[in-house]
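See structure below.
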Amino acid sequence: MPNTISGFSKLSKSEKIEWLLDTYFKDKASARTLVKQYWNTDKKLQKLHDEFIENTVTNFYLPLGVAPNFYVNQKLYTIPMAIEESSVVAAASKAAKFWLDRGGFKAEVIATEKIGQVHFTYSGDSKTLQSFFKTIKSKLISETKDITKNMERRGGGILDIELRDISSELDNYYQLHATFETLDAMGANFINSCLEQFAKTFKNEAKNHLKGEVDIVMSILSNYVPNCLVRAEVSCPIDDLKSKDISNPQLFATKFKQAINIAEIEPYRAVTHNKGIMNGIDAVVLATGNDFRAVEAGIHAYASRHGKYSSLTHCTIEDDIFKFWIEIPLALGTVGGLTTLHPLVKFSLEMLEKPSAKDLMQIVAVAGLAQNFAAVKSLTTTGIQEGHMKMHLMNILNQFEATTEEKKKLTEHFKTNTVTHSAVVEAIKNLRLTD
Ligand code: MEV
(Lines give C-alpha, C1' and ligand atoms only; values in the text may rest on other atoms or scores of the structure.)
Protein backbone atom coordinates (compact mmCIF):
# COMPACT_ATOMS: atom_id res chain seq x y z
CA MET A 1 0.00 0.00 0.00
CA PRO A 2 1.39 3.44 -0.87
CA ASN A 3 2.16 5.84 1.99
CA THR A 4 2.21 3.25 4.75
CA ILE A 5 5.05 3.56 7.21
CA SER A 6 6.20 1.39 10.08
CA GLY A 7 8.00 2.68 13.14
CA PHE A 8 6.53 6.18 12.64
CA SER A 9 6.13 6.77 16.37
CA LYS A 10 9.86 6.14 16.88
CA LEU A 11 10.87 8.96 14.49
CA SER A 12 11.87 12.34 15.93
CA LYS A 13 9.42 15.23 15.55
CA SER A 14 11.44 16.68 12.61
CA GLU A 15 11.64 13.28 10.93
CA LYS A 16 7.87 12.90 11.26
CA ILE A 17 7.33 16.31 9.69
CA GLU A 18 9.77 15.58 6.86
CA TRP A 19 7.99 12.28 6.13
CA LEU A 20 4.65 14.12 6.00
CA LEU A 21 6.04 16.82 3.70
CA ASP A 22 7.67 14.28 1.39
CA THR A 23 4.55 12.13 1.25
CA TYR A 24 1.72 14.64 0.91
CA PHE A 25 2.87 18.17 0.06
CA LYS A 26 3.77 19.75 -3.27
CA ASP A 27 5.06 22.97 -1.75
CA LYS A 28 7.15 21.50 1.05
CA ALA A 29 8.84 24.76 2.04
CA SER A 30 5.50 26.53 2.71
CA ALA A 31 4.05 23.57 4.59
CA ARG A 32 7.22 23.33 6.73
CA THR A 33 7.07 27.06 7.48
CA LEU A 34 3.40 26.79 8.45
CA VAL A 35 3.94 23.86 10.80
CA LYS A 36 6.83 25.67 12.50
CA GLN A 37 4.98 29.00 12.66
CA TYR A 38 2.56 27.38 15.08
CA TRP A 39 5.27 26.11 17.41
CA ASN A 40 5.70 28.01 20.62
CA THR A 41 9.01 29.84 20.86
CA ASP A 42 9.18 28.86 24.52
CA LYS A 43 10.73 25.41 24.15
CA LYS A 44 9.53 24.18 27.54
CA LEU A 45 5.94 25.15 26.77
CA GLN A 46 6.15 23.51 23.36
CA LYS A 47 7.50 20.30 24.91
CA LEU A 48 4.59 20.27 27.33
CA HIS A 49 2.13 20.44 24.43
CA ASP A 50 4.09 17.92 22.37
CA GLU A 51 3.73 15.44 25.18
CA PHE A 52 -0.03 15.75 25.70
CA ILE A 53 -0.55 13.36 22.78
CA GLU A 54 1.45 11.15 20.44
CA ASN A 55 3.00 12.02 17.07
CA THR A 56 2.59 15.78 17.68
CA VAL A 57 3.82 17.84 14.76
CA THR A 58 2.51 21.28 15.69
CA ASN A 59 -0.24 23.06 17.65
CA PHE A 60 -3.80 23.67 16.49
CA TYR A 61 -5.08 26.93 17.91
CA LEU A 62 -8.59 27.74 19.09
CA PRO A 63 -9.44 31.24 20.31
CA LEU A 64 -10.07 31.59 24.04
CA GLY A 65 -12.78 34.21 24.59
CA VAL A 66 -14.48 35.37 27.76
CA ALA A 67 -18.11 36.13 28.57
CA PRO A 68 -18.44 38.48 31.56
CA ASN A 69 -21.42 39.36 33.78
CA PHE A 70 -22.63 35.87 34.59
CA TYR A 71 -24.46 36.19 37.91
CA VAL A 72 -24.82 32.64 39.27
CA ASN A 73 -26.15 31.92 42.77
CA GLN A 74 -25.40 35.53 43.81
CA LYS A 75 -21.82 35.40 42.51
CA LEU A 76 -20.41 37.13 39.44
CA TYR A 77 -18.32 35.14 36.99
CA THR A 78 -16.43 35.85 33.81
CA ILE A 79 -16.66 32.59 31.89
CA PRO A 80 -13.78 31.36 29.67
CA MET A 81 -14.82 29.84 26.34
CA ALA A 82 -12.58 28.03 23.84
CA ILE A 83 -14.44 27.87 20.53
CA GLU A 84 -13.92 28.58 16.83
CA GLU A 85 -17.53 29.57 15.99
CA SER A 86 -18.23 33.29 15.73
CA SER A 87 -21.20 34.79 17.61
CA VAL A 88 -21.18 32.18 20.42
CA VAL A 89 -19.23 34.25 22.95
CA ALA A 90 -21.15 37.40 21.98
CA ALA A 91 -24.46 35.56 22.45
CA ALA A 92 -23.40 34.19 25.86
CA SER A 93 -22.33 37.66 27.01
CA LYS A 94 -25.60 39.16 25.83
CA ALA A 95 -27.67 36.53 27.65
CA ALA A 96 -25.56 36.98 30.80
CA LYS A 97 -26.19 40.74 30.76
CA PHE A 98 -29.91 40.24 30.10
CA TRP A 99 -30.31 37.97 33.15
CA LEU A 100 -27.93 40.03 35.30
CA ASP A 101 -30.65 42.69 35.36
CA ARG A 102 -33.31 40.08 36.20
CA GLY A 103 -31.89 38.25 39.23
CA GLY A 104 -29.28 36.13 37.46
CA PHE A 105 -29.04 32.34 37.25
CA LYS A 106 -29.87 29.85 39.97
CA ALA A 107 -28.03 26.54 39.76
CA GLU A 108 -27.94 23.40 41.87
CA VAL A 109 -26.11 20.12 41.74
CA ILE A 110 -28.67 17.34 42.15
CA ALA A 111 -26.25 14.38 42.41
CA THR A 112 -22.57 13.53 41.77
CA GLU A 113 -22.50 9.77 41.33
CA LYS A 114 -20.24 8.27 38.63
CA ILE A 115 -20.50 4.84 37.09
CA GLY A 116 -18.21 2.05 35.94
CA GLN A 117 -18.84 -1.53 34.82
CA VAL A 118 -17.08 -4.85 34.60
CA HIS A 119 -18.73 -6.68 31.69
CA PHE A 120 -18.47 -10.46 31.87
CA THR A 121 -20.04 -13.68 30.68
CA TYR A 122 -21.12 -16.53 32.91
CA SER A 123 -22.52 -19.78 31.66
CA GLY A 124 -23.66 -21.34 34.94
CA ASP A 125 -26.73 -21.02 37.10
CA SER A 126 -27.77 -17.42 37.77
CA LYS A 127 -28.79 -18.05 41.42
CA THR A 128 -25.37 -19.55 42.19
CA LEU A 129 -23.75 -16.43 40.74
CA GLN A 130 -25.98 -14.15 42.86
CA SER A 131 -25.02 -15.91 46.09
CA PHE A 132 -21.34 -16.06 45.07
CA PHE A 133 -21.43 -12.29 44.45
CA LYS A 134 -22.89 -11.68 47.93
CA THR A 135 -20.06 -13.62 49.56
CA ILE A 136 -17.25 -11.82 47.68
CA LYS A 137 -18.68 -8.27 47.44
CA SER A 138 -16.75 -7.00 50.48
CA LYS A 139 -13.54 -8.59 49.15
CA LEU A 140 -14.05 -6.86 45.81
CA ILE A 141 -14.03 -3.57 47.71
CA SER A 142 -11.26 -4.38 50.20
CA GLU A 143 -8.85 -5.48 47.48
CA THR A 144 -9.00 -1.98 45.93
CA LYS A 145 -7.75 -0.47 49.22
CA ASP A 146 -4.45 0.77 47.76
CA ILE A 147 -6.29 2.56 44.97
CA THR A 148 -9.08 4.03 47.10
CA LYS A 149 -7.31 5.12 50.29
CA ASN A 150 -6.47 8.69 49.16
CA MET A 151 -9.90 9.23 47.63
CA GLU A 152 -11.54 7.89 50.81
CA ARG A 153 -9.44 10.18 52.99
CA ARG A 154 -10.93 13.12 51.04
CA GLY A 155 -14.47 11.77 51.44
CA GLY A 156 -14.97 9.92 48.16
CA GLY A 157 -14.54 6.35 46.97
CA ILE A 158 -16.62 3.37 45.91
CA LEU A 159 -20.31 3.84 46.75
CA ASP A 160 -21.66 0.43 45.79
CA ILE A 161 -21.28 -2.57 43.49
CA GLU A 162 -24.29 -4.38 42.08
CA LEU A 163 -24.46 -7.59 40.12
CA ARG A 164 -26.70 -7.11 37.07
CA ASP A 165 -28.12 -10.01 35.10
CA ILE A 166 -28.61 -8.96 31.47
CA SER A 167 -28.60 -12.49 30.09
CA SER A 168 -32.18 -12.13 28.82
CA GLU A 169 -30.90 -9.54 26.32
CA LEU A 170 -27.54 -11.11 25.48
CA ASP A 171 -26.65 -14.73 26.18
CA ASN A 172 -24.65 -15.20 29.40
CA TYR A 173 -24.10 -11.45 29.82
CA TYR A 174 -23.70 -10.00 33.34
CA GLN A 175 -22.17 -6.89 34.85
CA LEU A 176 -20.62 -5.62 38.01
CA HIS A 177 -22.23 -2.21 37.97
CA ALA A 178 -20.32 0.08 40.34
CA THR A 179 -20.97 3.61 41.53
CA PHE A 180 -18.33 6.08 42.69
CA GLU A 181 -17.89 9.50 44.29
CA THR A 182 -14.78 11.18 42.88
CA LEU A 183 -15.20 14.67 44.41
CA ASP A 184 -13.25 17.32 42.47
CA ALA A 185 -11.57 14.82 40.16
CA MET A 186 -13.18 13.69 36.90
CA GLY A 187 -12.02 10.33 38.22
CA ALA A 188 -11.52 8.35 35.01
CA ASN A 189 -8.20 6.79 36.13
CA PHE A 190 -9.50 6.14 39.62
CA ILE A 191 -12.66 4.42 38.37
CA ASN A 192 -10.91 2.37 35.69
CA SER A 193 -8.23 1.21 38.15
CA CYS A 194 -10.90 0.14 40.65
CA LEU A 195 -12.79 -1.71 37.92
CA GLU A 196 -9.73 -3.59 36.71
CA GLN A 197 -9.02 -4.64 40.28
CA PHE A 198 -12.68 -5.77 40.73
CA ALA A 199 -12.27 -7.85 37.56
CA LYS A 200 -9.06 -9.46 38.86
CA THR A 201 -10.53 -10.32 42.25
CA PHE A 202 -13.76 -11.53 40.69
CA LYS A 203 -11.98 -13.77 38.19
CA ASN A 204 -9.67 -15.22 40.87
CA GLU A 205 -12.51 -15.96 43.26
CA ALA A 206 -14.66 -17.39 40.47
CA LYS A 207 -11.85 -19.78 39.56
CA ASN A 208 -12.15 -21.38 42.99
CA HIS A 209 -15.91 -21.18 43.47
CA LEU A 210 -17.61 -21.14 40.06
CA LYS A 211 -15.57 -23.71 38.17
CA GLY A 212 -14.14 -21.17 35.73
CA GLU A 213 -17.47 -20.28 34.14
CA VAL A 214 -16.73 -16.54 34.36
CA ASP A 215 -15.04 -14.74 31.51
CA ILE A 216 -14.23 -11.03 31.86
CA VAL A 217 -14.98 -9.11 28.64
CA MET A 218 -13.90 -5.60 29.70
CA SER A 219 -13.77 -3.12 32.56
CA ILE A 220 -14.48 0.54 31.83
CA LEU A 221 -16.23 3.59 33.25
CA SER A 222 -19.45 4.77 31.69
CA ASN A 223 -19.76 8.25 30.22
CA TYR A 224 -23.48 8.01 30.81
CA VAL A 225 -23.90 9.56 34.24
CA PRO A 226 -27.62 10.31 34.77
CA ASN A 227 -26.95 10.54 38.51
CA CYS A 228 -24.24 13.16 38.15
CA LEU A 229 -26.79 15.82 37.46
CA VAL A 230 -27.00 19.61 37.52
CA ARG A 231 -29.86 22.03 36.99
CA ALA A 232 -29.70 25.74 36.11
CA GLU A 233 -32.62 28.12 35.88
CA VAL A 234 -33.68 31.67 35.13
CA SER A 235 -37.07 33.17 35.89
CA CYS A 236 -38.81 36.51 36.09
CA PRO A 237 -42.26 38.09 35.81
CA ILE A 238 -43.23 38.23 32.13
CA ASP A 239 -43.37 42.03 32.11
CA ASP A 240 -39.74 42.15 33.22
CA LEU A 241 -38.70 40.51 29.95
CA LYS A 242 -39.31 43.88 28.27
CA SER A 243 -36.04 45.19 26.84
CA LYS A 244 -34.46 46.97 23.87
CA ASP A 245 -35.36 44.11 21.55
CA ILE A 246 -38.43 42.71 23.35
CA SER A 247 -41.20 45.27 23.02
CA ASN A 248 -44.05 42.84 23.71
CA PRO A 249 -42.92 40.53 26.55
CA GLN A 250 -46.15 38.50 26.60
CA LEU A 251 -45.82 37.66 22.92
CA PHE A 252 -42.11 36.96 23.34
CA ALA A 253 -42.67 34.58 26.28
CA THR A 254 -45.42 32.67 24.47
CA LYS A 255 -43.39 32.26 21.31
CA PHE A 256 -40.23 31.37 23.21
CA LYS A 257 -42.09 28.66 25.15
CA GLN A 258 -43.57 27.36 21.89
CA ALA A 259 -40.04 27.02 20.47
CA ILE A 260 -38.94 25.03 23.52
CA ASN A 261 -42.04 22.81 23.31
CA ILE A 262 -41.24 22.10 19.66
CA ALA A 263 -37.72 20.97 20.63
CA GLU A 264 -39.25 18.78 23.34
CA ILE A 265 -41.32 16.77 20.87
CA GLU A 266 -39.51 17.05 17.53
CA PRO A 267 -36.11 15.32 17.23
CA TYR A 268 -34.97 17.21 14.09
CA ARG A 269 -35.39 20.48 15.94
CA ALA A 270 -34.17 19.03 19.26
CA VAL A 271 -30.79 18.10 17.76
CA THR A 272 -30.15 21.64 16.49
CA HIS A 273 -31.58 23.14 19.68
CA ASN A 274 -29.23 21.01 21.79
CA LYS A 275 -26.33 21.71 19.42
CA GLY A 276 -26.75 25.38 20.31
CA ILE A 277 -26.65 24.44 24.01
CA MET A 278 -23.45 22.44 23.39
CA ASN A 279 -21.89 25.56 21.79
CA GLY A 280 -21.80 27.01 25.29
CA ILE A 281 -21.13 23.81 27.19
CA ASP A 282 -18.24 22.50 25.06
CA ALA A 283 -16.53 25.88 25.00
CA VAL A 284 -16.34 26.03 28.81
CA VAL A 285 -15.57 22.32 29.14
CA LEU A 286 -12.63 22.73 26.73
CA ALA A 287 -11.35 25.92 28.35
CA THR A 288 -11.34 24.21 31.74
CA GLY A 289 -9.44 21.15 30.47
CA ASN A 290 -12.30 18.68 30.64
CA ASP A 291 -13.21 15.94 28.18
CA PHE A 292 -15.84 17.40 25.86
CA ARG A 293 -16.36 14.09 24.02
CA ALA A 294 -17.35 12.41 27.28
CA VAL A 295 -19.65 15.31 28.13
CA GLU A 296 -21.22 15.29 24.65
CA ALA A 297 -21.83 11.52 24.67
CA GLY A 298 -23.37 11.58 28.16
CA ILE A 299 -25.58 14.59 27.51
CA HIS A 300 -27.00 13.29 24.23
CA ALA A 301 -27.74 9.92 25.84
CA TYR A 302 -29.58 11.80 28.59
CA ALA A 303 -31.54 13.74 25.95
CA SER A 304 -32.79 10.36 24.67
CA ARG A 305 -33.52 8.79 28.04
CA HIS A 306 -37.28 8.55 27.45
CA GLY A 307 -36.75 6.70 24.17
CA LYS A 308 -36.93 9.73 21.89
CA TYR A 309 -34.30 12.46 21.46
CA SER A 310 -35.58 15.62 23.12
CA SER A 311 -34.72 19.11 24.36
CA LEU A 312 -32.35 19.58 27.30
CA THR A 313 -34.10 22.82 28.24
CA HIS A 314 -37.67 23.43 29.35
CA CYS A 315 -39.91 26.43 29.81
CA THR A 316 -43.09 27.23 31.72
CA ILE A 317 -45.30 30.27 32.01
CA GLU A 318 -47.32 30.11 35.24
CA ASP A 319 -48.96 32.95 37.17
CA ASP A 320 -47.26 35.40 34.81
CA ILE A 321 -43.84 34.04 35.69
CA PHE A 322 -41.54 33.00 32.86
CA LYS A 323 -39.27 30.12 33.91
CA PHE A 324 -36.59 28.54 31.74
CA TRP A 325 -34.24 25.74 32.85
CA ILE A 326 -31.78 23.08 31.85
CA GLU A 327 -31.00 19.73 33.44
CA ILE A 328 -27.93 17.82 32.28
CA PRO A 329 -25.52 15.14 33.46
CA LEU A 330 -21.94 16.43 33.73
CA ALA A 331 -18.89 14.53 34.97
CA LEU A 332 -16.24 17.22 35.37
CA GLY A 333 -13.01 17.67 37.23
CA THR A 334 -11.16 20.70 38.57
CA VAL A 335 -8.11 18.81 39.85
CA GLY A 336 -5.82 16.34 38.12
CA GLY A 337 -5.50 15.63 34.40
CA LEU A 338 -5.08 18.63 32.11
CA THR A 339 -6.26 20.98 34.87
CA THR A 340 -2.81 20.93 36.45
CA LEU A 341 -0.85 20.73 33.18
CA HIS A 342 -2.22 23.12 30.58
CA PRO A 343 -1.28 26.72 31.44
CA LEU A 344 -4.43 28.14 29.82
CA VAL A 345 -6.62 25.69 31.72
CA LYS A 346 -5.03 26.92 34.95
CA PHE A 347 -5.66 30.48 33.74
CA SER A 348 -9.33 29.66 33.04
CA LEU A 349 -9.82 27.99 36.42
CA GLU A 350 -8.21 30.94 38.21
CA MET A 351 -10.57 33.27 36.31
CA LEU A 352 -13.43 31.18 37.72
CA GLU A 353 -11.87 31.58 41.19
CA LYS A 354 -10.73 27.97 41.46
CA PRO A 355 -14.13 26.27 41.39
CA SER A 356 -14.88 22.87 42.89
CA ALA A 357 -16.20 20.27 40.44
CA LYS A 358 -19.71 21.08 41.72
CA ASP A 359 -19.20 24.82 41.08
CA LEU A 360 -17.95 24.03 37.59
CA MET A 361 -20.97 21.80 36.88
CA GLN A 362 -23.19 24.78 37.73
CA ILE A 363 -21.17 27.24 35.64
CA VAL A 364 -21.18 24.91 32.60
CA ALA A 365 -24.93 24.30 32.89
CA VAL A 366 -25.49 28.06 33.09
CA ALA A 367 -23.35 28.59 29.96
CA GLY A 368 -25.51 26.04 28.12
CA LEU A 369 -28.75 27.64 29.30
CA ALA A 370 -27.55 31.16 28.41
CA GLN A 371 -26.49 30.02 24.95
CA ASN A 372 -29.87 28.41 24.35
CA PHE A 373 -31.70 31.49 25.62
CA ALA A 374 -29.74 33.71 23.22
CA ALA A 375 -30.29 31.38 20.25
CA VAL A 376 -34.02 30.85 20.80
CA LYS A 377 -34.53 34.55 21.53
CA SER A 378 -32.91 35.43 18.18
CA LEU A 379 -34.70 32.66 16.31
CA THR A 380 -38.12 33.69 17.59
CA THR A 381 -37.59 37.44 17.07
CA THR A 382 -35.13 38.77 14.49
CA GLY A 383 -33.87 35.40 13.17
CA ILE A 384 -30.19 34.48 13.54
CA GLN A 385 -29.05 35.59 10.11
CA GLU A 386 -29.05 39.28 11.08
CA GLY A 387 -26.21 38.70 13.57
CA HIS A 388 -24.47 36.10 11.44
CA MET A 389 -24.53 38.35 8.39
CA LYS A 390 -22.84 41.13 10.36
CA MET A 391 -20.02 38.68 11.12
CA HIS A 392 -20.01 37.45 7.53
CA LEU A 393 -19.69 41.05 6.31
CA MET A 394 -16.77 41.63 8.70
CA ASN A 395 -15.02 38.44 7.54
CA ILE A 396 -15.27 39.50 3.88
CA LEU A 397 -14.11 43.03 4.71
CA ASN A 398 -11.12 41.58 6.58
CA GLN A 399 -10.32 39.31 3.62
CA PHE A 400 -10.13 42.47 1.49
CA GLU A 401 -8.08 44.23 4.18
CA ALA A 402 -10.67 47.01 4.44
CA THR A 403 -9.57 50.07 6.41
CA THR A 404 -11.51 51.28 9.47
CA GLU A 405 -13.05 54.03 7.35
CA GLU A 406 -14.11 51.56 4.64
CA LYS A 407 -15.58 49.23 7.28
CA LYS A 408 -17.61 52.09 8.73
CA LYS A 409 -19.02 53.11 5.35
CA LEU A 410 -19.82 49.56 4.24
CA THR A 411 -21.40 48.55 7.58
CA GLU A 412 -23.70 51.56 7.16
CA HIS A 413 -24.44 50.60 3.55
CA PHE A 414 -25.33 47.01 4.51
CA LYS A 415 -27.77 48.09 7.21
CA THR A 416 -30.25 48.54 4.40
CA ASN A 417 -28.81 46.16 1.78
CA THR A 418 -28.66 42.36 1.78
CA VAL A 419 -25.25 40.89 2.59
CA THR A 420 -24.04 38.38 0.01
CA HIS A 421 -20.42 37.66 -0.85
CA SER A 422 -20.75 39.18 -4.32
CA ALA A 423 -22.65 42.25 -3.07
CA VAL A 424 -19.90 42.99 -0.55
CA VAL A 425 -17.11 42.51 -3.10
CA GLU A 426 -18.98 44.80 -5.50
CA ALA A 427 -19.48 47.43 -2.81
CA ILE A 428 -15.79 47.41 -1.83
CA LYS A 429 -14.79 47.79 -5.49
CA ASN A 430 -17.21 50.68 -5.99
CA LEU A 431 -16.07 52.39 -2.82
CA ARG A 432 -12.42 52.06 -3.80
CA LEU A 433 -13.18 53.42 -7.28
CA THR A 434 -15.00 56.48 -5.98
CA ASP A 435 -12.60 57.27 -3.11
C1 MEV B 1 -25.71 27.43 15.67
O2 MEV B 1 -24.39 27.07 16.01
C3 MEV B 1 -26.65 27.09 16.80
C4 MEV B 1 -28.14 27.33 16.53
O5 MEV B 1 -28.53 26.66 15.32
C6 MEV B 1 -28.89 26.78 17.70
C7 MEV B 1 -30.40 26.74 17.56
O8 MEV B 1 -30.88 26.63 16.42
O9 MEV B 1 -31.07 26.78 18.60
C10 MEV B 1 -28.42 28.80 16.31
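Both counts, for ligands and for their atoms, begin at 1 and track the order of listing.
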[atom]: nearest protein contact (heavy atom, Å):
| atom | answer |
| --- | --- |
| atom 1 (C) of ligand 1 | Glu85 OE2, 3.6 Å |
| atom 10 (C) of ligand 1 | Ile384 CD1, 4.0 Å |
| atom 5 (O) of ligand 1 | Thr272 CG2, 3.6 Å |
| atom 3 (C) of ligand 1 | Asn279 ND2, 3.7 Å |

**Q.** Stacked cation flag Lys106 on Trp325, 6.0 angstrom / 45 deg
**A.** no
Q) When rounded to the nearest 0.5 angstrom, what distance separates CD in Glu152 from CD1 in Ile158? A) 7.0 Å
Q) Just wondering, are more than 12 heavy atoms of other shown residues or ligands nearer than 6.0 Å to NZ in Lys255? A) no
Q) Any idea which of Arg269, His273, Lys275 brings a heavy atom closest to atom 8 (O) of ligand 1? A) Arg269
**Q.** Residue part near ligand 1, for Leu379, under 4.0 Å between non-hydrogen atoms
**A.** side chain
Q. Is it the side chain (CB and beyond), the backbone, both or neither of Val88 that lies under 4.0 Å from ligand 1, heavy atoms counted?
A. neither
(Q) Would you say the ring centers of Phe198 and Phe202 fall short of 6.0 Å from each other? (A) no
(Q) Closer than 3.5 angstrom, by distance alone: can the side chain of Thr340 be matched with the main-chain N or O of Gly337 as a donor-acceptor pair? (A) yes
Q: Look at the side chain of Thr58 and the backbone N and O of Val35, then say whether any donor-acceptor pair between them is shorter than 3.5 Å.
A: yes
Q) Which atoms of ligand 1 are found less than 4.0 Å from any heavy atom of Ala375? A) 9 (O)
